[in-house]
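Starting from 1, each residue takes its place in the sequence as its number. Order of appearance sets the numbers: ligands from 1, and atoms from 1 within every ligand. All heavy atoms count here, side chains included; hydrogens, waters and symmetry mates do not.
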Amino acid sequence: MSEVSSSEAVGGEAADRAVRAERWRALASRHALLPLRLFLGITFVYAALDKLSDAHFLAGAGDQASFVSQTRAAKDGGSPIAFLLGPALDHPTLSALAIAFGELAVGLGTLLGLWGRVAALGGALINLSLWLTVSWNVSPYYLGNDLGYLMAWTPLLLAGTPDLSVDGYLARRAGRDRERGLAEDHVKRRALVDGGIAAVAIGGAGLLTGSLTRTFGWGRQAAAPVQSAPVPSAAPVPSGTAPAPTVAAASVPVGGSAQVKDPATGDAVYIVQPKAGQYCAFSSVCTHSGCAVDAPKNGQFYCPCHGSRFDAATGAVVNGPAVKPLPRYGVGKDGDKLTLGPLQS
Ligand code: FES
């Protein structure tokens, strides 16, 4: 008898484990899109606040990282929606702010699951327009991250945000209203009005956050004026008033680099030695959309954002979407020390 009881107990435990495992599997399937939703929502909120706090993005045409410069580069670079970029360039500040606040709305809607399909459609349209502009010339195509983001929005566009979301709460409440026998018109109107109130509240909070970010530029530097005229002297004069950065010549081997900071802008600058005894320096700020290029490898700088490549000896564009070379600095050599010179182009 006791053997039978014990085998029954073992069988019962196994059945419990199977039920628990099945429950976990069902829960995992139900929330399969949650990591993607969190990633996209957080990324869009971050990208929006980053743009709003970045004085470069909202600066004028003289700043290579500005919305104007990026949009012009896309227009001149053969974007298939170039005809839409003219109006955006006519009102650059308004367009740049619309993009940033659009990203914020999409990010918050996605994170909170409020009108999730609408938010996903907004995100997909933003990434579609970025793919057709800033990422259009990226080769091969799969290095353009905007295409990847566009694809990532598709599951959310199809499935919406029914769980752990405002949409889910409103849907459950609508179900209860129907069970109570409320008219369908009334149920739908109530869901729409409450969704609208939530959207206005969340939109207001987003607008306030974005405006505060824009006003105080949390953690970001103001755009420094870009020196566009060549500086005649090749002497090691810094481009700001702070002392010019120096490095030991031994730390810049042939084909290698050392990183210093432009004292005027705080941007990283690579001092390189492409050939023995030939030193030069280039800004790390990619001329496409302002990302930081990697340290040179195999004679080229690589920008991880959209795949531009620049010649490490001249700063010239090897592979787009960037169309302008990296800004170049002078380098002075005194004994075993290299000193960053002025911005030359
Ligand atoms: S920022 Fe787009 S390629 Fe560098």
For this session: Using a 4.0 Å heavy-atom threshold (strictly under), name the region of Cys286 that reaches ligand 1: side chain, backbone, both or neither.
Result: side chain
Seminar exercise, completed: For Ser308, the atoms of ligand 1 under 4.0 Å from one of its heavy atoms are 3 (S)
Exercise. Looking only at atom types and distance, does a side-chain atom of Asp167 sit under 3.5 Å from a main-chain N or O of Gly116, one as donor and one as acceptor?
Worked result: yes
Problem set entry | Glu184 side chain near Arg178 side chain, heavy-atom distance below 4.5 Å | yes
Exercise. Quick check: does His288 have an N/O/S atom under 2.8 Å of atom 2 (Fe) of ligand 1?
Worked result: yes
Exercise. Looking at atom 4 (Fe) of ligand 1, is one of the N, O or S atoms of Cys303 less than 2.8 Å from it?
Worked result: yes
Seminar exercise, completed: A student checking ligand 1 against Cys291 at a 4.0 Å heavy-atom cut-off should list atoms 1 (S)
Exercise. Can you check whether Arg190's main-chain N or O pairs, donor with acceptor, with Lys188's side chain at less than 3.5 Å?
Worked result: no
Exercise. Nearest to atom 1 (S) of ligand 1, what protein heavy atom do you find, and at what distance?
Worked result: Ser289 N, 3.2 Å
Exercise. Is there less than 2.5 Å between the SG of Cys305 and that of Cys291?
Worked result: yes
Exercise. Where the side chain of Arg117 meets the backbone of Leu158, is there a donor-acceptor pair that is under 3.5 Å apart?
Worked result: yes
